[in-house]
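So that the names make sense, note that chain A is the first sequence line, chain B the second, and so on, each numbered from 1. Computed over heavy atoms, backbone and side chain alike; hydrogens, waters and symmetry mates excluded.
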Protein chains: 2
Amino acid sequence: MELTVWRTFVTVCRLGSLSAAAAELHHTQSAVSRQVAGLERQLGVPLIERHARGVRPTPAGEVFRHHALATLSEADRAVRAAREAGDGAFNRPLTVGATPSLAAGIVPEAIRALQKETGSIRWSLLPGLSAQLHHRVTTGDLDVAVVTDAPPGLPHDPRVERRFLGLDDMVVALPVDHPQAGRGPVRMRTLADETWVEDNDGSAALLHQHAARAGVSARIDLTAADLPGKLALVATGHAIALIPGVLTRALRIDITTVGLVDPPTRGIYTITPHRSPHPCAAPLLDQLATAFTSIRPAHELVSRGSPGSGYR
Amino acid sequence: MELTVWRTFVTVCRLGSLSAAAAELHHTQSAVSRQVAGLERQLGVPLIERHARGVRPTPAGEVFRHHALATLSEADRAVRAAREAGDGAFNRPLTVGATPSLAAGIVPEAIRALQKETGSIRWSLLPGLSAQLHHRVTTGDLDVAVVTDAPPGLPHDPRVERRFLGLDDMVVALPVDHPQAGRGPVRMRTLADETWVEDNDGSAALLHQHAARAGVSARIDLTAADLPGKLALVATGHAIALIPGVLTRALRIDITTVGLVDPPTRGIYTITPHRSPHPCAAPLLDQLATAFTSIRPAHELVSRGSPGSGYR
DNA sequence: GGCCGGCCCTGCGGAGTGCGCATACCGGCC
DNA sequence: GGCCGGTATGCGCACTCCGCAGGGCCGGCC
């Protein structure tokens with residue numbers, strides 16, 4: 001009686017594997033296995049044959065899959081029709097702006113959680129720097145902006161509503177074969193001899209400030225054009241970099257991170273118009289808040305493969 | 001994304017009232033209210049107008065209702081088709097036998113719970129005495145029998161499987177205006193002067209035995225043909241009766257019950273063929289077990305309106 | 001033929017949620 | 001204006017669902 005379970009079953013049939021379906025649906029294999037088993041128990045009929053190299057639908061499974069597809073498409077139509085009949089607000093895509101690190105880290109996860117509870121909605125994500133994003137909220141271009149108070153900080157503007165999500169610890173990105181990789185939190189002076197790379201003035205200022213407090217100076221010998229370029233230089237061993245902790249779970253496979261003792265932090269904020277025109281804006285803010293708090297514990301971890309990532 | 005919620009909404013629209021829908025669906029008004037509210041939140045669109053004398057669907061609600069009906073019927077078809085494609089076992093109705101008291105008490109509730117998890121299945125309920133029901137299980141007439149060990153007790157028969165559900169305390173049925181109505185557990189000697197009514201030899205034996213243990217004798221001056229007749233005599237004040245506790249929640253409005261100090265008990269058992277041919281037999285046994293254990297606490301109560309009955 | 005690796009199942013513990021209950025609120029009706 | 005039917009909501013509980021970790025099974029490869 002749960003349509004998400006039916007959708008899971010259809011995906012399993014399409015891919016011929018519980019694990020593959022789990023990966024596509026961003027669940028664990030365990031959850032998919034139990035969902036299908038529960039469906040079979042409800043129906044009282046085996047739906048798939050378990051094989052050593054995957055699964056294959058039984059005849060009954062094939063029949064059910066056919067009807068399930070029809071049901072799901074009808075359900076989608078119902079949701080769509082109700083929203084169109086309500087008012088036009090849903091037909092416009094939800095436009096979300098975020099800084100590059102947040103756009104790679106928590107925002108997609110929050111949108112996914114939002115879609116899980118509202119069903120499929122259209123949306124677009126615009127990367128940008130905090131100041132630009134703030135401006136675009138005032139002009140109405142953006143429904144929601146997710147920004148940081150990294151230098152030069154956020155302006156105070158009564159025309160928009162600002163909500164504090166939490167503090168994000170900065171971490172150090174290293175190539176996986178770096179001597180410090182896999183260690184616990186390190187001190188800034190341990191990294192005194194390293195070459196650093198930065199991609200914008202705000203980040204550079206933050207790094208210099210933090211190094212100065214630790215009594216050392218950070219040599220920024222390289223400058224990258226953007227975040228991906230910065231990470232490319234880290235991955236290839238040319239330098240190390242200070243990056244936001246929210247990025248930890250969305251890094252390249254050839255990069256790892258270590259925490260810092262007494263790390264610098266950035267405040268994460270959402271910015272919205274006072275009376276948000278889009279009905280999904282408020283729910284998205286909630287999802288961002290929970291997504292952020294659920295990410296926090298990952299900062300305690302030293303390396304990749306953080307908990308909660310499941311089979312993703 | 002939960003089809004049961006959609007079904008709730010459709011029912012609400014049909015009846016024009018949350019409370020009425022709750023009663024029909026055997027839920028509380030609270031649950032229905034929250035289900036509809038959650039649906040509106042998911043869709044981002046108000047579906048009903050709350051009115052002082054019920055609710056009425058909004059235009060969007062009307063549209064959604066239309067599509068929801070289509071989806072639900074398609075989902076029903078999916079379930080039905082899968083079961084037919086499996087094997088013929090589901091097409092045969094599940095035949096359940098039970099003694100009159102159990103047929104009125106826990107069996108319908110267990111079937112309802114079963115249907116809640118398996119969807120609509122066909123079934124039939126045959127009342128009978130324990131010995132008859134036992135025989136019909138051996139002949140294959142019944143898929144499941146729910147019986148008691150009241151005198152003369154259950155035969156030991158290796159051809160069938162017997163499962164113990166629990167002990168059921170007997171209680172005393174009284175007309176609502178009886179002096180003892182609403183009191184706490186009473187002693188048998190308090191009722192020594194009463195006139196009792198019984199409807200079969202087993203019950204009469206149990207009553208006489210229990211009265212004797214308490215040092216009094218019970219006058220059975222009336223005999224009824226069956227359970228409804230027995231209760232009719234109680235309701236009209238002609239006599240009082242010893243009845244199974246499981247009946248407490250299914251009594252006539254003009255009858256109440258009081259517990260007994262150190263009451264006589266009956267064991268409740270299920271009897272099934274060893275290899276039950278019907279796929280719903282095993283789940284039904286589980287439902288009966290949970291239904292019975294959830295009923296038990298009600299025995300502690302003195303009068304009607306037991307907890308857990310909700311708006312039913 | 002024996003080892004290995006991928007795939008699926010299941011017991012355990014924790015987090016989230018849906019529900020029942022009791023109560024507050026709200027709008028007609030007499 | 002008081003009463004009453006009907007709906008919304010805070011609180012606490014129980015249940016479910018999921019992620020994790022360990023185990024079993026089968027096919028393929030050496």
Taking only distance into account, with no hydrogens and no angle test, what donor-acceptor pairs under 3.5 Å do side-chain atoms of residues 39-46 of chain A form with protein atoms, sequence neighbours excluded?
| residue | atom | partner | partner atom | Å |
| --- | --- | --- | --- | --- |
| A:Glu40 | OE1 | A:Arg50 | NH1 | 3.1 |
| A:Glu40 | OE1 | A:Arg50 | NH2 | 3.0 |
| A:Glu40 | OE2 | A:Leu47 | N | 2.7 |
| A:Glu40 | OE2 | A:Ile48 | N | 3.3 |
| A:Glu40 | OE2 | A:Arg50 | NH1 | 3.0 |
| A:Gln42 | OE1 | A:Met1 | N | 3.4 |

Self-check item: B:Arg53 side-chain proximity, nearest of D:dC4, C:dG20, C:dG5
Solution: D:dC4
Quiz item: Where is the tightest heavy-atom contact between A:Leu167 and A:Gly267, given as atom of each residue plus distance?
Solution: CD2-CA, 3.8 Å
Quiz prompt | Atom-pair distance (CZ on A:Arg41; C1' on D:dC17), nearest Å | solution = 12 Å
Quiz item: Which whole-number value in Å describes the distance from B:Leu47 CG to D:dT7 C1'?
Solution: 16 Å
Quiz item: With sequence neighbours excluded, what pairs up with A:Glu2 under the salt bridge (Lys or Arg N to Asp or Glu O under 4.0 Å) test?
Solution: none
Quiz prompt | Angle by which the axis turns from one end of the helix from C:dG1-D:dC30 to C:dC30-D:dG1 to the other, five pairs per end, to 10 degrees | solution = 20°
Self-check item: With B:Leu25 via side-chain contact (heavy atoms from CB on, under 4.5 Å) - residues at least two apart
Solution: B:Thr8, B:Thr11, B:His27
Quiz item: Can you tell me how far P of C:dG16 sits from NZ of A:Lys116, to the nearest Å?
Solution: 12 Å
Practice problem: May I ask you to evaluate whether B:Ser19 reaches the phosphate of D:dG6, defined as a side-chain N or O under 4.0 Å from OP1 or OP2? | Solution: no
Quiz prompt | Nucleotide D:dT9, atom P - distance to CG of B:Leu18 in whole Å | solution = 12 Å
Practice problem: Return the set of residues passing side-chain contact (heavy atoms from CB on, under 4.5 Å) with A:Ser17 (not counting sequence neighbours), or none when no residue passes. | Solution: A:Ser19, A:Ala20
Self-check item: A:Leu15 CG - C:dC8 P separation (whole Å)
Solution: 11 Å
Quiz item: How many Å lie between CD on A:Glu49 and P on C:dC7, as a whole number?
Solution: 18 Å
Self-check item: Phosphate OP1/OP2 of C:dC19: any B:Gln35 side-chain N/O under 4.0 Å
Solution: yes
Quiz item: Base, sugar-phosphate, or nothing: which does A:Gly54 touch, judged by heavy atoms less than 4.0 Å apart?
Solution: sugar-phosphate
Exercise. Whole angstrom is fine here: how far is it from CD in A:Gln29 over to C1' in C:dT10?
Key: 10 Å
Self-check item: Closest nucleotide among C:dC8, C:dG20, D:dT9 to the B:Ala31 side chain
Solution: C:dG20
Quiz item: Is it true that B:Arg77 and B:Glu74 make a salt bridge, defined as a side-chain N closer than 4.0 Å to a carboxylate O?
Solution: yes
Exercise. Round to the nearest Å and state the distance from B:His27 atom NE2 to C:dC21 atom P.
Key: 13 Å
Listing time: all N or O pairs from protein to nucleotides 10-16 of chain D that are below 3.5 Å?
| residue | atom | partner | partner atom | Å |
| --- | --- | --- | --- | --- |
| D:dG10 | O6 | B:Arg34 | NH2 | 2.9 |

Quiz item: Between B:Ala52 and A:Arg50, which has a closest nucleotide on DNA chain C that is more 5'?
Solution: A:Arg50
Practice problem: Write out all pairs satisfying ring pair (Phe, Tyr, Trp, His ring centres under 6.0 Å) with one or both partners inside residues 39-58 of chain B, taking only residues at least two apart or from two chains. | Solution: none
Exercise. Ignoring backbone atoms, test whether B:His51 places a side-chain nitrogen or oxygen under 4.0 Å from the OP1 or OP2 oxygen of D:dT7.
Key: no
Quiz prompt | Residue list, side-chain contact (heavy atoms from CB on, under 4.5 Å) with A:Ala78, at least two apart or on another chain | solution = B:Trp6, B:Phe64, B:His67, B:Thr71
Quiz item: Is any side-chain heavy atom of A:Val107 less than 4.5 Å from a side-chain heavy atom of A:Leu125?
Solution: yes
Quiz item: In chain order, what residues pass the side-chain contact (heavy atoms from CB on, under 4.5 Å) check against B:Ala104, with sequence neighbours excluded?
Solution: B:Leu247
